[in-house]
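Residues take their numbers from the sequence shown, with the count starting at 1. Quick note: numbers below take in every heavy atom, side chains included, and nothing from hydrogens, waters or symmetry partners.
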Amino acid sequence: MSGPVARFKDTFTRLRSDSLWLLDDLYADDLQFEDPLHRIEGLRDVRAYFTRLYAGVIHCAFTFEDEVVAADQAMLTWTMHLVHARLGRGTPVELPGASHIRYGNKVRYHRDYFDVGGLLYERVPLLGAVIRAVKARA
């Protein structure tokens with residue numbers, strides 16, 4: 001696979017707790033990474049973040065749907081299929097989201113967009129019931 005967009009998709013298709021070295025081939029050393037919970041600068045710190053994220057992962061796969069590509073950036077939509085030991089007692093989760101990336105030879109900016117409530121808060125027993133009830137009324 002050639003090009004940063006193809007490499008991005010390939011990396012996240014193959015990424016596991018024992019293959020985090022793939023991030024080194026994808027990201028620039030001065031990477032800026034953001035998601036709804038964190039803003040991290042530098043490949044070393046992003047790799048440490050992914051190490052913590054993947055520590056409890058039983059299964060994680062991404063299905064990429066659409067992409068809009070410009071000269072040095074892209075927006076990709078995806079669905080994450082996740083089974084995590086600490087989320088819902090290992091219940092499978094499907095979470096839609098999107099990634100905005102900017103790149104040269106490597107990705108230097110990566111921002112993820114997804115519903116934190118759908119990933120975390122709705123899986124807390126009492127709080128989740130309240131959030132789901134509020135969403136149902138909307």
Side-chain angles (χ1 to χ4, degrees):
M1 270 190 181
S2 63
V5 175
R7 199 164 51 246
F8 181 88
K9 291 164 59 174
D10 181 60
T11 297
F12 279 91
T13 300
R14 298 172 44 210
L15 200 60
R16 308 282 178 269
S17 62
D18 62 351
S19 65
L20 293 173
W21 57 268
L22 292 169
L23 299 174
D24 297 347
D25 294 333
L26 175 65
Y27 290 135
D29 290 336
D30 61 347
L31 170 69
Q32 291 182 3
F33 176 87
E34 294 182 62
D35 67 18
L37 300 170
H38 299 89
R39 184 174 197 280
I40 304 167
E41 295 194 18
L43 174 58
R44 187 189 62 171
D45 290 344
V46 169
R47 191 169 185 197
Y49 173 60
F50 274 81
T51 299
R52 289 188 305 274
L53 283 178
Y54 274 81
V57 169
I58 298 166
H59 171 77
C60 184
F62 287 86
T63 303
F64 288 93
E65 287 101 21
D66 296 309
E67 62 185 60
V68 177
V69 179
D72 63 350
Q73 62 182 316
M75 180 68 79
L76 301 99
T77 61
W78 42 259
T79 300
M80 179 175 60
H81 309 273
L82 177 68
V83 179
H84 195 285
R86 293 185 298 251
L87 289 178
R89 297 185 184 109
T91 304
V93 175
E94 283 193 7
L95 182 71
S99 296
H100 178 208
I101 60 173
R102 293 186 186 126
Y103 47 81
N105 286 339
K106 292 186 174 186
V107 174
R108 55 184 169 74
Y109 174 83
H110 174 179
R111 183 168 183 180
D112 282 340
Y113 300 88
F114 57 85
D115 177 12
V116 175
L119 178 62
L120 299 176
Y121 308 131
E122 289 181 29
R123 305 202 185 292
V124 176
L126 183 56
L127 181 59
V130 171
I131 291 173
R132 286 188 298 276
V134 169
K135 280 186 165 182
R137 289 184 186 206

Mind jotting down which residue pairs meet the salt bridge (charged side-chain N to carboxylate O under 4.0 Å, His left out) criterion with at least one end in [range]? Sequence neighbours excluded, please.
| range | answer |
| --- | --- |
| residues 56-67 | Lys9-Glu67 |
| residues 15-28 | Asp24-Arg47 |
| residues 98-108 | Asp72-Arg108 |
| residues 52-61 | none |

Phe64 side, atom CZ; Leu76 side, atom CG - distance, nearest 0.5 Å: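 Going from CZ on Phe64 over to CG on Leu76, the span is 6.5 Å.
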Point-to-point distance, once rounded to the nearest 0.5 Å, from CG of Leu26 to CD1 of Ile101: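 Leu26 atom CG to Ile101 atom CD1 measures 7.5 Å (nearest 0.5 Å).
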Using the test side-chain hydrogen bond (donor to acceptor under 3.5 Å, both in side chains), find all partners of [X] that sit at least two apart in sequence or belong to another chain.
| X | answer |
| --- | --- |
| His59 | none |
| Ser19 | none |
| Arg14 | Asp10 |

Report yes if some heavy atom in the side chain of [X] is under 4.5 Å from a heavy atom in the side chain of [Y]; otherwise report no.
| X | Y | result |
| --- | --- | --- |
| Cys60 | Met80 | yes |
| Leu82 | Leu95 | no |
| Leu15 | Leu23 | yes |
| Phe33 | Asp45 | no |

Criterion side chain to side chain contact (heavy atoms under 4.5 Å, CB included) on His110 and Phe8, from CA distance to verdict: CA-CA 10 Å; His110 174 179; Phe8 181 88; 3.5 Å; yes
Mind checking what makes ring-ring contact (aromatic ring centres under 6.0 Å, His included) contact with [X], not counting sequence neighbours?
| X | result |
| --- | --- |
| His38 | Tyr49 |
| Phe62 | Phe12, Trp78 |
| Tyr113 | none |

Hydrophobic cluster membership, Tyr103 vs Met75, 4.5 Å side-chain cutoff: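 No; Met75 is not reachable from Tyr103 via cluster members.
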Path from Trp21 to Leu31 over hydrophobic side-chain contacts below 4.5 Å: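 Yes, Trp21 connects to Leu31 through the hydrophobic network.
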Residues clustered with Tyr109, ILVMFWY side-chain links under 4.5 angstrom: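 For Tyr109, no cluster forms, as it stays isolated from other hydrophobic side chains.
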